[in-house]
Amino acid sequence: MTVSAPATAVPRAGRREWAGLAVLGLPTLLLSLDLSVLHLAAPHLSADLGPSTSQLLWILDIYGFMIAGFLVTMGTLGDRIGRRRLLLIGATAFGAASVLAAYATSPAMLIAARAVLGVAGATLMPSTLALIRNMFQDARQRATAVGVWMTCFLAGSALGPVLGGVLLEWFWWGSVFLAGVPVMVILLISAPLLLPEYRDPEAGRLDLFSVLLSMGAMMPVIYGLKKLAEDGVRAGHLLAVAAGLLVGLLFVRRQRRLAAPFLDLRLFRNPVFGGTLAFTSLTVFASGGMLMFLVQYLQMVEDKSPLEAGIWMLPATAVMIVATLLVPAMARRTAPVRLVAGGMAVAALGYLLATRTGGDHVAVIVVTGLAFAYLGAAPMMVLGTDMILSSAPQEKAGSASSLSETSGELGMAMGIAVLGSVGTAVYRREIDNGLPDGLSADSADAAADSLPTALSVAGQLPDGAGALVSEAARAAFTSGVTTVAWVSAGLMAVLSLTAWVLLRRLGVGTEARTEDA
């Protein structure tokens with residue numbers, strides 16, 4: 001007598017899927033590398049192209065703005081036209097725009113090329129994650145695949161400053177863009193051979209007005225939050241955030257009325273989906289704000305060069321890379337809810353360690369604290385992403401993955417804006433009490449604006465007064481870093497307890513994944 005396999009048996013990935021995962025790691029690695037590498041090239045391209053201050057800011061920022069603004073659009077578009085097709089279109093556009101950026105002859109041309117790179121980048125991230133959801137249906141295999149995918153993203157972030165430094169040592173600034181062209185060529189050749197095609201057969205027509213509303217909601221919010229972090233609280237920046245939120249409400253209202261919505265809001269009816277998005281966003285919120293301050297701390301308080309600061313950050317990134325690879329294996333022996341809640345507690349301890357900014361070897365202590373914070377965040381980032389993907393239907397994988405990426409973008413922007421404002425407020429309060437007597441009102445106001453400005457002011461003063469201003473500014477900034485670390489530690493402690501209670505109540509991740517290998 002033959003016993004048939006259960007109807008509910010989940011197909012397992014084979015060699016083709018794992019080879020396809022290696023292909024999907026290529027654009028992921030490149031995208032994160034591209035986010036960081038240009039900052040090192042800024043002085044070189046400034047000397048060559050001569051952009052104004054405003055143009056230089058747009059050259060640096062437009063890439064991230066366009067990615068954030070188009071993520072939801074491209075994730076939903078992939079559900080309709082096919083995720084592999086969108087990936088190939090995006091890879092082609094990314095390669096072409098990289099060449100255009102490398103040989104830009106004016107600031108306007110470079111800004112336009114960076115904008116196209118951002119739009120193309122927005123097609124790549126949700127496509128890769130959605131294809132992972134479709135290719136790896138077994139929960140254990142999918143968690144491992146997500147861990148590998150996230151490792152590629154982290155590796156790109158770590159390699160960006162190092163690769164950029166090497167290229168700029170031997171070549172011109174445009175070489176940082178050309179580094180991505182061979183990667184895209186490999187992707188275009190191998191993707192049709194190794195990646196299957198998936199789309200939602202009942203997606204309906206693409207509502208172009210919803211596309212405009214989606215971008216009109218995301219871009220002003222990201223722009224306003226970023227500018228709030230850079231310039232402080234200003235009416236125009238708050239207005240941008242408010243305008244984006246208003247357009248977001250119109251977007252939601254339209255989706256509820258459409259027979260075939262651009263973004264299926266029914267995804268949020270699943271409490272696991274919405275709750276995990278919130279946890280992921282808040283985890284990135286804490287790390288984003290803290291990372292911004294630590295990078296500045298290493299450069300302007302510890303006197304590290306940008307390249308040296310990047311190298312100092314490598315151990316923390318290496319810890320998170322190792323952790324993301326180990327988390328899926330750990331989830332086979334320990335309930336994921338324990339890993340997530342316990343990891344957040346470890347992250348809280350890491351941020352507490354980062355508050356120890358007094359005494360000797362401060363840089364070592366602070367970077368070690370960041371390493372523990374990254375270690376603790378890894379279970380949430382890996383298993384949380386897996387929970388988001390698995391809680392959505394396969395035909396909506398593109399939308400789910402784009403929302404996962406968007407929540408991370410918003411969490412990062414909000415962390416930089418909110419925690420940046422907290423740290424800046426502490427800096428301004430502390431420096432007012434530490435500036436030497438006899439300093440002119442203009443110099444005092446400039447020094448209180450920010451640490452870079454204070455150091456610039458100090459360089460224009462006589463040695464004795466300049467040293468006092470520098471010392472007061474660095475001490476005030478250190479107080480700001482300490483305060484932000486305390487806030488991040490408190491947030492992660494609260495998230496740890498909330499995750500433990502809420503995820504157990506929802507029955508999510510309460511048992512180790514013991515599927516067969």
Side-chain angles (χ1 to χ4, degrees), residues 35 52-77 108 111-112 114-123 125-126 206-258 261-265 267-268 274 277-278 280-282 284-285 288-289 292 399 402-425 449-450:
L35 282 168
S52 66
T53 301
S54 176
Q55 288 174 325
L56 180 59
L57 287 175
W58 278 111
I59 289 171
L60 295 174
D61 293 340
I62 190 66
Y63 178 72
F65 288 154
M66 300 304 281
I67 286 181
F70 278 86
L71 272 173
V72 173
T73 297
M74 294 306 178
T76 305
L77 182 63
I111 291 171
R114 290 280 288 171
V116 176
L117 279 171
V119 176
T123 69
M125 292 298 286
L206 183 67
D207 181 49
L208 294 180
F209 189 54
S210 292
V211 172
L212 295 176
L213 288 175
S214 171
M215 292 186 292
M218 281 299 302
M219 286 185 175
V221 170
I222 295 293
Y223 174 83
L225 290 173
K226 186 175 180 63
K227 290 303 177 182
L228 284 170
E230 292 176 354
D231 306 329
V233 178
R234 295 186 180 179
H237 305 336
L238 292 174
L239 184 61
V241 175
L245 293 176
L246 178 60
V247 176
L249 290 176
L250 295 176
F251 174 80
V252 171
R253 184 178 181 182
R254 182 170 181 83
Q255 302 318 296
R256 289 176 173 174
R257 293 181 174 181
L258 291 175
F262 172 73
L263 179 64
D264 193 348
L265 298 180
L267 291 171
F268 290 94
L277 278 177
T280 302
S281 184
L282 289 172
V284 176
F285 174 96
M292 178 190 71
S399 297
S402 67
L403 288 171
S404 175
E405 294 297 325
T406 302
S407 71
E409 291 283 345
L410 283 173
M412 180 68 71
M414 289 184 65
I416 292 174
V418 175
L419 295 180
S421 298
V422 170
T424 300
D449 183 63
S450 66

Atom of [X], atom of [Y] and distance for their closest heavy-atom approach:
{"X": "Thr73", "Y": "Ser214", "answer": "OG1-OG, 3.8 Å"}
{"X": "Val221", "Y": "Val241", "answer": "CG2-O, 3.8 Å"}
{"X": "Pro220", "Y": "Ala240", "answer": "CB-O, 3.2 Å"}
{"X": "Ala122", "Y": "Phe70", "answer": "CB-CB, 3.5 Å"}

Roughly how far apart are [X] [atom1] and [Y] [atom2], rounded to 0.5 Å?
{"X": "Leu249", "Y": "Leu213", "atom1": "CG", "atom2": "CG", "value": "11.0 Å"}
{"X": "Arg254", "Y": "Leu212", "atom1": "CZ", "atom2": "CG", "value": "10.0 Å"}
{"X": "Met215", "Y": "Met66", "atom1": "CE", "atom2": "CE", "value": "8.0 Å"}

Exercise. Heavy-atom distance under 4.5 Å between the side chains of Met74 and Val119, does that happen here?
Worked result: yes
For this session: Check whether any side-chain heavy atom of Leu117 lies under 4.5 Å from a side-chain heavy atom of Arg114, and answer yes or no.
Result: yes
